[in-house]
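Quick notes on the structure that follows.
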Amino acid sequence: MPVRVRMAPSPTGLLHIGNVRTALFNWLYARHEGGEFRLRIENTDTSREVAEAVDHIQESLRWLGLDWDGPHTFQLDRIDDCRRVAEQLVAEAKAYEDEGAIRFRMPDEGSTGWDDVVRGRVEIPNETIEDLVLVRSDGRPTYNFASPLEDVWDGITHVIRGEDHISNTPKQINIIRAIGAEPPVYAHVPNVAGADGKKLSKRHGAVTVAEFRRDGYLPEALLNFLALLGWAPDGETTIMDREELVRRFELTRVSPSSAQFDYAKLDWLNGMYMRALSPQELAHRLVLWLGENGYDWDAELVARTAPLVQEKISRLAEFPAFAGFFFGEVEPDAGNLDGGGPMLAAAEEALASLEPFEAATIESALRGKAEELGLKPRQAFQPIRVAITGSKVSPGLFESIELLGRETTLSRLRAARAAF
RNA sequence: GGCGCAUUCGUCUAGUGGCCUAGGACACCGCCCUCUCACGGCGGCGGCACGGGUUCGAAUCCCGUAUGCGCCUCCA
């Protein structure tokens with residue numbers, strides 16, 4: 001039987017990164033097995049539904065490149081089917097009415113178990129399972145009723161979901177058996193926690209896909225990082241592109257213990273991906289990011305600065321602060337210029353008529369002046385850097401000067417001298 | 001409280017009875033490179049939760065304890 005899995009988010013807001021990790025495992029498994037990955041919106045709790053959520057979820061998945069098969073479906077569309085099944089169960093005395101709601105009669109003795117792909121055999125005593133509400137008194141089916149029913153109707157072969165659903169599983173298995181169907185294979189993947197071991201939330205940093213995107217992470221880097229949270233192909237490999245991830249992913253190698261989200265490692269990995277991009281591609285990503293975040297910066301100039309920042313920043317969002325001096329005026333902090341007066345004057349003199357005005361000639365001219373003044377390179381160049389870029393940290397100075405051009409360079413040097 | 005799940009360096013992990021004086025990566029520290037910051041290179045610090053078994057031999061198997069997490073909603 002071909003593999004068919006699904007992602008079943010509830011439309012209550014932006015897509016949480018923990019849900020994405022679970023979705024990724026589903027997607028990787030489906031693609032690895034040549035099966036299908038479906039998207040189902042679990043919207044039976046209309047009171048919590050957020051209007052734009054469905055669009056947000058799809059946009060986030062698309063940005064990450066997690067494509068789903070077929071149209072997305074809504075749980076609410078099958079509300080009548082669910083109700084019919086509930087009535088049938090009542091007719092068969094497998095369920096009963098309770099203050100307007102319909103409850104399922106769980107077995108009282110023995111236990112309900114399954115062979116979890118990630119955890120092995122899990123066995124829950126039936127006496128600890130409550131008779132669960134299938135249909136609310138207002139007629140809407142509950143999640144624990146609708147979800148397993150839809151899994152059956154959709155022909156889902158493997159339910160890959162978070163470990164917080166472990167205790168729901170015996171309930172759902174009993175419902176599936178009650179309607180005479182065969183339960184799917186279950187795989188409960190570990191949760192993703194924050195640095196304190198608690199559920200990943202806002203206070204830990206970015207948690208929604210939209211936030212990671214805004215913070216300048218590359219989707220392929222985020223995907224690579226997420227895949228490694230609870231799974232590893234071996235003990236060595238860290239960087240894997242989408243193709244390799246799909247090729248090597250094994251559900252049976254997913255770890256049963258929960259993992260903490262390490263933002264520092266994500267930053268490192270994102271930097272690795274940014275450096276691996278061609279300068280043209282990096283420029284393209286930067287232009288897109290800038291556009292999405294309200295910067296109306298010249299695309300051609302962005303393309304020319306991209307090579308200068310490629311090894312310096314690890315997220316797209318660092319670009320404005322790091323390379324903004326190419327796109328607008330600077331206000332050097334006079335405190336960072338101290339003692340640089342003579343060198344600034346010397347630089348102005350050296351660059352005024354330098355030909356050609358290129359990084360190599362600029363460098364040798366400035367080094368010559370530094371030597372004349374008896375200054376160490378660091379002492380000599382730092383005031384120039386501050387004057388030109390407005391910061392003590394910047395891309396390579398000589399390349400930056402070349403790109404900035406003679407006119408702008410000289411005027412910034414003059415402005416800095418005037419600041420004394 | 002009940003039930004369940006989990007437990008290898010600070011973090012992500014490799015490890016399925018001898019290849020482990022436990023390997024890799026991030027972070028951290030030091031050195032090198034160097035116009036700043038990075039990148040890169042080299043080196044260092046650092047771990048099998050605890051206690052019992054089983055076995056010639058256990059990070060690996062079993063039991064218990066501890067700790068963490070999840071669920072116990074007419075939420076999903």
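The side chain of A/S10 approaches B/A76 more closely than any other nucleotide in the set B/A76, B/C12, B/C35.
One P atom belongs to B/G70, the other to B/G52, and the distance between them is 32 Å to the nearest Å. Using P as the reference atom, B/U16 and B/G2 are 37 Å apart when rounded to the nearest Å.
As judged by a 4.0 angstrom heavy-atom cut-off over every strand, A/N43 is placed among residues making no nucleic acid contact. The residue A/F261 sits apart from the nucleic acid: no heavy atom pair falls under 4.0 Å. Residue-level contact check: A/R385 touches the bases, meaning some heavy atom is under 4.0 Å from a base atom. Backbone-only engagement by A/R253 is indicated by non-hydrogen atom pairs under 4.0 Å involving sugar-phosphate atoms exclusively. A/D138 comes within 4.0 angstrom of nothing in the nucleic acid, heavy atoms only. When heavy atoms are screened at a 4.0 angstrom cut-off, A/K198 is found touching the sugar-phosphate backbone but no base atom. Across all strands shown, A/R140 has no heavy atoms under 4.0 Å from either base or sugar-phosphate atoms. Using a 4.0 Å heavy-atom distance criterion, A/G100 is classed as making no nucleic acid contact. Residue contacts shown for A/S257 are limited to sugar-phosphate atoms, with no base heavy atom under 4.0 Å away. Residue contacts shown for A/T389 are absent, as no nucleic acid heavy atom lies under 4.0 Å away. Base contact: A/H165 has a heavy atom under 4.0 Å from a base atom. Residue A/M272 is classed as a sugar-phosphate contact, given heavy-atom separations below 4.0 Å to backbone atoms only. A/E399 comes within 4.0 angstrom of a base, heavy atoms only. Across all strands shown, A/A101 has heavy atoms under 4.0 Å from base atoms, whether or not it also approaches the sugar-phosphate.
Counting distance only, with no hydrogens placed and no angle test, the side-chain atoms of A/S137 and the base atoms of B/C74 include a donor-acceptor pair under 3.5 Å. With hydrogens and angles ignored, a donor-acceptor pair closer than 3.5 Å exists between the side chain of A/N168 and the base of B/A76. At a cut-off of 3.5 angstrom, counting only N and O atoms as typed in the model, there is a donor on one side and an acceptor on the other between the side-chain of A/K312 and the base of B/U36.
Regarding contacts with the backbone of B/C5, every side-chain N or O of A/S167 stays at 4.0 angstrom or more from both OP1 and OP2. For the OP1/OP2 pair of B/C74 and a distance below 4.0 Å, the side-chain nitrogens and oxygens of A/R103 include at least one atom meeting the criterion. Taking only side-chain nitrogens and oxygens, A/R275 never comes nearer than 4.0 Å to OP1 or OP2 of B/A38.
Using a cut-off of 4.0 Å between Lys/Arg side-chain N and Asp/Glu carboxylate O, A/D164 and A/K199 are scored as not salt-bridged.
Residues A/F225 and A/F261 bring their aromatic ring centres within 6.0 Å.
Counting only N and O atoms by type, the side chains of A/T208 and A/R214 include no donor and acceptor under 3.5 Å apart.
A heavy-atom distance below 4.0 Å to RNA chain B is reached by none of the residues of residues 16-32 of chain A.
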